[in-house]
Chemist: 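For reference, the structure I am asking about is given below.
All residue numbers refer to positions in the sequence shown, counting from 1. Just the heavy atoms: all of them, side chains too, but no hydrogens, waters or symmetry mates, feed the values below.
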Amino acid sequence: QVQLVESGGGLVQAGGSLRLSCAASERTFSTYAMGWFRQVSGKEREFVARISGSGGSTNYADSVKGRFTISRDNAKNLLYLQMNSLKPEDTAVYYCAVRYRSGSYFYTETSSYDYWGQGTQVTVSS
């Protein structure tokens with residue numbers, strides 16, 4: 001069973017930047033699409049960004065487009081989320097996820113992903 005471990009969260013002022021990392025235990029990491037989601041207490045987990053196995057295709061939520069960048073280093077089994085121009089509304093627990101199934105899917109849906117990390121807290125102060 002694959003394990004995903006996020007890191008890099010913390011407290012930052014509005015306008016600042018953070019880079020989240022997600023380390024995967026799976027040796028065939030490069031085969032699978034991955035995503036970042038976030039969740040505020042009491043609300044549903046929401047899609048942030050998604051990247052294909054090769055890294056050649058990415059998608060973003062409208063709320064983060066132009067500010068966040070998803071990337072991956074398949075040689076190191078690492079997924080990243082570079083977050084710039086952070087806003088207080090970006091405050092949430094951020095989760096990485098991996099999809100092992102083949103075929104088409106809705107990358108914004110949590111049900112499309114098979115394994116999740118434990119999450120890392122990002123807090124943006126105004």
Chemist: Which heavy atom of S52 sits nearest to which heavy atom of G56, and what is that distance?
Modeler: OG-N, 3.3 Å

Chemist: If I take atom OG from residue S112 and atom CZ from residue R99, how far apart are they, to the nearest 0.5 angstrom?
Modeler: 5.5 Å

Chemist: For side chain to side chain contact (heavy atoms under 4.5 Å, CB included), just list the numbers for V98 and L4, CA-CA rounded to whole Å, side-chain angles, deciding distance to a tenth of an Å, and then say yes or no.
Modeler: CA-CA 8 Å; V98 63; L4 302 173; 4.0 Å; yes

Chemist: Would R45 pass as a cation-pi partner of F37, given that its NZ or CZ must be under 6.0 Å from the six-membered ring centre and within 45 degrees of the axis?
Modeler: no

Chemist: Rounded to the nearest 0.5 Å, what separates atom CG in D114 from atom OH in Y100?
Modeler: 8.5 Å

Chemist: For the residue pair C96 and L79, what are the closest heavy atoms and their distance?
Modeler: CB-CD2, 3.9 Å

Chemist: First locate atom CG of L11, then atom OG of S125, and finally report the distance between them rounded to the nearest 0.5 Å.
Modeler: 5.0 Å

Chemist: Give me the one residue out of N77, V2, V5 that meets side chain to side chain contact (heavy atoms under 4.5 Å, CB included) with S25.
Modeler: V2

Chemist: With a cut-off of 6.0 Å (strictly less than), are more than 12 heavy atoms of other residues, nucleotides or ligands near CD of Q118?
Modeler: yes

Chemist: Verify the cluster assignment for V93 and V12: are they in a single hydrophobic cluster under the rule of side-chain heavy atoms below 4.5 Å apart?
Modeler: no

Chemist: Hydrophobic cluster membership, with links at side-chain heavy-atom distances under 4.5 Å among I/L/V/M/F/W/Y: are W116 and V48 in one?
Modeler: no

Chemist: Looking at every non-hydrogen atom in both residues, tell me the closest pair between Y113 and G35 and how far apart they are.
Modeler: CE2-N, 3.9 Å

Chemist: Please determine if K87 and D90 form a salt bridge, counting it only when a charged side-chain N lies under 4.0 Å from a carboxylate O.
Modeler: no

Chemist: Go through the steps for M83 and V122 under the test side chain to side chain contact (heavy atoms under 4.5 Å, CB included), then give the verdict.
Modeler: CA-CA 10 Å; M83 305 186 295; V122 171; 3.8 Å; yes

Chemist: Search all heavy atoms of L81 against all heavy atoms of A49 and return the closest pair with its distance.
Modeler: CD1-CB, 4.3 Å

Chemist: Specify whether Y94 and F68 have parallel, tilted or perpendicular ring planes, treating 30° as the upper limit for parallel and 60° as the lower limit for perpendicular.
Modeler: tilted

Chemist: Does the ring of Y60 carry R50 above it, NZ/CZ under 6.0 angstrom from centre and within 45° of its axis?
Modeler: no

Chemist: Look at the side chain of N84 and the backbone N and O of S17, then say whether any donor-acceptor pair between them is shorter than 3.5 Å.
Modeler: no

Chemist: To the nearest 0.5 Å, what is the distance between OG1 on T110 and CD on Q39?
Modeler: 9.0 Å

Chemist: Should the pair R38 and Y95 be classed as cation-pi, given the thresholds of under 6.0 Å to the six-membered ring centre and 45° from the axis?
Modeler: no

Chemist: So how far is it from Q13 CD to T123 OG1, rounded to the nearest 0.5 Å?
Modeler: 13.0 Å

Chemist: If you compare all heavy atoms of G8 against all heavy atoms of L18, which two are closest, and at what distance to 0.1 Å?
Modeler: O-CD2, 3.8 Å

Chemist: Would you kindly say whether Y107 and N59 are connected by a side-chain donor-acceptor distance under 3.5 Å?
Modeler: yes

Chemist: Look at the side-chain heavy atoms of Ile, Leu, Val, Met, Phe, Trp and Tyr, link any pair under 4.5 Å apart, and say whether W36 and Y32 land in one connected group.
Modeler: yes

Chemist: Does some side-chain heavy atom of I70 sit less than 4.5 Å from a side-chain heavy atom of Y80?
Modeler: no

Chemist: Grouping I, L, V, M, F, W and Y whenever their side-chain heavy atoms are under 4.5 Å apart, do V124 and V64 come out in a common cluster?
Modeler: yes

Chemist: Could you go through Q82 and S71, starting from their C-alpha distance and side-chain angles, then the distance that decides it, and tell me whether this counts as side chain to side chain contact (heavy atoms under 4.5 Å, CB included)?
Modeler: CA-CA 8 Å; Q82 178 67 44; S71 62; over 6 Å; no

